[in-house]
Amino acid sequence: MTTLETKWQKKCEEAKIFEVDSDMKKKKFFITIPYPYISGSLHIGHARVVTEADVYSRYYRMNNYNVLFPIAFHISGMPVLGIATAIKNKDTKKIELYKAYVKNYVADSKKAEKIVASFEDPRKIVDFFIPKMKDEFSSLGIAVDWRRSFTSGDFEHQKLVEWQFKKYKEKGYLVQGKHPVLYSLEYKNAVGEDDIADGDIYPVDKQEFTLLKFKFDDAFIIAATLRPETMYGQTNMWANPEADYVKAEIGKEKWIISRECAEKLKYQDKEVKILKTISGKDLIGKKCLAPVVEKKVLILPFKKANPNIATGFVTSVPSDAPFDYIGLKELQSSPALCKKYNLDYREIKNIKLIPIIKSKGYGDHPAKEICEKNKISSLAQEKELSEATQEIYCAGFHTGIMQDNCKQYAGMSVQQAKEEIKTNLIKKGIADIFYETSRPAVDRSSGKIIVAILDNQWFIDFNAKNWKQTAHNCLENMEIVPNKYKKQFEDVFAWLDKRPCARRRGLGTKLPFDKNWVIESLSDSTIYMSLYAIANKIKKFKLKEEQLNNEFFNYVYLSEGGLKEAVKKTKISEKQLKELREEFDYWYPNDHRHTFTAHLANHLSFMIFAHAAIFPKEKWPKKITFHGMVISEGEKMSKSKGNTVSLLDIKNKFGADSFRAFMCNSTSVESTFDWKTAEIEHMKKHVELLYNMLIGLSKNKSPGDVGEKAKAFVSKIEKKTQKATEAISQMDLRTYSTIVLHELLTEYKQVSKKLDENEIKKVNNYLLEKWLKLLTPLIPHHAEEIWSRLGKKGFISLEKWPESDVSKINPVAEYQENLVNDLIIDIKTVMNLAKIPNAKTIKIIISADWKYHFFAMLKELLEKTRDQGSIIKSIMSTNLKKYGNEIMKMLPSLLKDPSKIPIIILDQKTELQSIETVKKDIETEFRTSVILELCEESKEPKAKQSNPGKPAIVVT
RNA sequence: GCAGGGGUAGCGAAGUCUGGUCAAACGCGCAGGACUUAAGAUCCUGUUCCUUAGUGGAUCCGAGGGUUCAAAUCCCUUCCCCUGCACCA
């Protein structure tokens, strides 16, 4: 099969039928997918999105649209750079991995090694993989105009992004500010999941602690908490007797904090000057002034106070914190322990829990209660204590109400109090914010990871001025499929605030006004689809980087600044500039973007905002459709599971058309697509079967009217053509493919059983081209092959989509056919049940004439009402009254289940005629004689059972 | 935590917006039959249960309630599963 496919891919490429230029006489259709990221080989996730877009766009092409489907490539950000760095650092795992990739294309092992070695230059990775990716995509039979391809590292892309960000800046959409990030002390840079040891398995979060200042001599002891709302329950301070603390100047204040904390504070926007070391032991037994409760509290020993976490001091709230409760209890129950630290046991013993929060399921002292319930009695039960803390935290967060002693916060929910207390304390200068990692973490070179606050981080401010409103307008006018995602967009829009849009590292475009920053890889790909419109011309005209300046995009994209001025500033000829402008104006906006749901909250939302910011209304995107996840053999695809499927696998093992058919038919566009090797094997056979059958049809056809016996068949085919057209036009590829792959085949099989050779030839002639064209978007290669074998010139991909001839849709004919089919099945069943394998005669008794009138009337009445009383009344007021008894027997069951009334009610005469036409066939089928009679004339007791559409059967 | 999606036959998956013709498309699997020396492929038939000369009846779309003449579909409660959440493309 592959040879057939490569042959047609080559022919299409040579004929350049998918390379399109503006054509004012034709309507355009411009469809895009997110450009794929370069990293290793393409898999079925990529295959899904391009294939769906392709099938759909082929339908448009066959409806006389000038269809543009381009694909570019994304290389911004860390991954490509990461590969290059790993290879530079002789990371054997990565080198082996990429050797394996490269060997897919380069057989010679030495050559492959050399190529991989060259990958320490990221550009080499891009240059190597992009042609391969284009080939792999093309092997799926997608109709892409590759002349318009580019990468996000190319100058035309970067110049466009520069232009965009200058526009953002002019409009005040960019702001600078502080921003916490995970930061490696070793790399001296922000880090992501990939840079952190085990970052993928145990993700690291940023946690926000509230720092509280406890007056102590001329300084403050700084305690850190995640629960500022519990501050009214403080009873004491915890310090680690084994840790070293420092006294340090932090701005204008003196703080006592762990040595580690002092180091971290330097990265969190604080001036730090260490004055002296203080041993934790020396603090034990002393007192400091607790904020909020405004009282002196004892500093007590607590080994769980970790100098590596936050400040190394913890304020103790034993009523609500299990750790604090047990820590205190251990001291209170051990005079010896108190003595060890020179503490006054009676004073310790006197410390009482202070109730502060009332949560559902708990009394005044949740920590005490849960420890008693879970039998926790020692700080050594770390795991149990952590779980208990979680549980209380959850209960408090969701159901907790602040108690009366919490002053102005009394009666408030915990959720609300938490925020308010924090903000108020900060305002008063007795609290501060500190960020800590959610777990101890190191980077891949074992350097420590902390949270650092970047001072002049660039943000895109989605709340700036009227931007959100404009974005909403844009969304409002867009078609979103499935529509439920429109609401989700709205939710995302509401939540979008400031987003960091530049980074310190990675590939990409530098911020034009601050070259220390690289524009972040999602922010640099929000309007690139506009470049497809002119990318081929930029190449053709051999434009240079410096020519694609502000004036260039202002003129070509916005028609601003005037042609003369643009010519002067860009040094591009008037003719070329005009042509570029026309090309852009013709193709843009993007009519349709097909993407993965995961992109909604970021890429797609940014795309909408970007267009709203930069472009006039008529250039805003028109439509977004979503596809679902891709899994393989019921599981998430992953290399470790060995269930990944590459495009090369598809090409070599199954063929593009089988894949296309299988994928479209196995799930609806918005649902999860599950790759199943066994099932695609089936589809491969099915495609072959269709192919052979259609070739067969092409050799056995003759023109002419299909004839009476195929009337119902034609009706069904026309109806299904209509349905398939409707489905594909709404991108319901599943319904569409089910019809063209299976339903048409079933119908054809059935009708061909009934027809003689001559009749079949005419049916074949009627069906062949129509069916073939219906199949073309789905299995284009096979369709082209058959088309050429029919002796047709040109490509079927460029043919006109078949129209459904509505005048041939004939419900009565279909009904009659069904009636006869059911009749035959019924006869078989009866013969089976009655155990009469060889019947002498089959008597078919047509229902009494009055029943047709009754059924028809009942059907009509049911449209209006379901009320039995009024239905009876209406019927009895007609001359059907004389059958009142029988009617009353039948009516309840008909009302209960109206499906017993046939969809179409013929009259007695027509029904008799329908059966008469097939009388002979029934006789042949059962090798017996058939007698037809009317109920009124029949002496059979069974005759009364006959109903419209359901003749009585008597076999003897 | 925040936001969103979903639970339908042995399995996958339509149907849900717009309630009725839904025991539920289509595919896979399974069973029986045809073809074949045989296997595979292909074709036909069947595939909730009971009952039966085709009729009929019961159960039924995670669980429980409600609205309605009528609910897989609308409303409420509840259980379970999945996805995303910003130096990550």
Side-chain angles (χ1 to χ4, degrees), chain A residues 34 36-37 39 74-80 179 181-183 189-195 199 203 205 393-394 397-398 415 454 457 459 482-485 487-488 491-492 494-506 518 520-523 525 597-603 628-629 634 636 662 665-668 670-672 674 676 678-679 682-683 685-686 688-689 732 734-735 737-739 741-743 746 749 753 822-823 825-836 859 862 865-868 893 895-903 942 945 947 950-955:
Chain A
Y37 196 89
S39 56
H74 198 201
I75 67 164
S76 309
M78 279 312 291
V80 169
H179 184 62
V181 292
L182 292 174
Y183 185 90
N189 214 330
V191 289
E193 193 180 278
D194 286 343
D195 308 302
D205 281 328
Y393 180 79
C394 273
F397 191 82
H398 293 290
Q415 277 182 59
L454 298 186
Q457 170 72 50
F459 295 90
N483 194 255
K484 64 186 175 192
Y485 289 114
K487 163 102 178 51
Q488 208 171 325
D491 292 342
V492 169
W495 156 85
L496 278 174
D497 184 20
K498 291 186 180 60
R499 181 193 155 84
C501 63
R503 294 176 187 168
R504 292 295 197 184
R505 63 208 186 101
V518 178
E520 178 268 336
S521 54
L522 280 174
S523 305
S525 48
T597 45
H599 295 137
L600 190 148
N602 43 55
H603 165 69
M629 286 202 297
K636 219 173 177 169
F662 168 62
N665 198 225
S666 75
T667 190
S668 54
E670 74 262 27
S671 302
T672 302
D674 191 357
K676 290 192 175 155
E679 290 191 19
H682 273 280
M683 186 55 88
K685 280 177 197 143
H686 190 79
E688 279 165 30
L689 180 105
D732 177 358
R734 184 171 225 258
T735 304
S737 60
T738 300
I739 294 169
L741 289 171
H742 300 295
E743 293 184 10
T746 308
K749 274 184 198 162
K753 273 191 286 186
D822 288 349
L823 185 62
I825 292 169
D826 284 351
I827 294 171
K828 275 185 194 161
T829 317
V830 170
M831 285 168 72
N832 253 334
L833 286 170
K835 300 194 176 67
I836 310 175
K859 194 175 172 64
L862 280 172
T865 177
R866 297 274 162 162
D867 179 58
Q868 186 167 339
S893 99
L895 282 179
K896 194 181 165 203
D897 183 7
S899 69
K900 285 172 188 158
I901 305 168
I903 297 165
K942 267 208 166 283
Q945 279 187 18
N947 276 331
K950 202 87 193 164
I953 300 161
V954 179
V955 183

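Letters A, B, ... mirror the listed sequences (proteins, then strands); counts begin at 1.
Applying the side-chain contact (heavy atoms from CB on, under 4.5 Å) rule to A:Gln488 yields the partners A:Tyr485, A:Leu600; only residues at least two apart in sequence or on another chain are considered. Residues forming a salt bridge (Lys or Arg N to Asp or Glu O under 4.0 Å) with A:Glu743 (at least two apart in sequence, or on another chain): A:Lys720. Under the rule for a side chain to side chain donor-acceptor pair (under 3.5 Å), the partners of A:Asp826 that lie at least two apart in sequence or sit in another chain are A:Lys950. The salt bridge (Lys or Arg N to Asp or Glu O under 4.0 Å) search around A:Lys828 returns A:Glu925, not counting sequence neighbours. Listed by chain and number, the residues in a salt bridge (Lys or Arg N to Asp or Glu O under 4.0 Å) with A:Arg734 amount to none (sequence neighbours excluded). Residues passing the ring pair (Phe, Tyr, Trp, His ring centres under 6.0 Å) test with A:His682: none are found, sequence neighbours excluded. Shown here are the salt bridge (Lys or Arg N to Asp or Glu O under 4.0 Å) partners of A:Lys498, two or more places apart in sequence or in another chain: there are none.
For B:rA89, the OP1/OP2 oxygens have a side-chain nitrogen or oxygen of A:Ser521 closer than 4.0 Å. Distances shown here put a side-chain N or O of A:Ser668 below 4.0 Å from the OP1 or OP2 atom of B:rA14. Between A:Lys749 and B:rC43 there is a side-chain polar atom (N or O) within less than 4.0 angstrom of OP1 or OP2.
B:rG27 and B:rG19: their C1' atoms are spaced 28 Å apart (whole Å).
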Write out a two-atom table: protein N or O, nucleotide N or O from nucleotides 2-9 of chain B, distance below 3.5 Å.
| unit_1 | atom_1 | unit_2 | atom_2 | d |
| --- | --- | --- | --- | --- |
| B:rA3 | O3' | A:Asp491 | OD2 | 3.4 |
| B:rG4 | OP1 | A:Asp491 | OD2 | 3.0 |
| B:rG4 | O2' | A:Gln488 | OE1 | 2.7 |
| B:rG5 | O3' | A:Lys484 | NZ | 3.4 |

| task | Assign a letter to each nucleotide of nucleotides 19-30 of chain B from its 5' end: B, base within under 4.0 Å of a protein heavy atom; S, sugar-phosphate only; -, no contact. | result | -BB---BSSSS-

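Rounding to the nearest 0.5 angstrom, the gap separating the CD1 atom in A:Ile901 from the CG atom in A:Leu895 is 7.5 Å.
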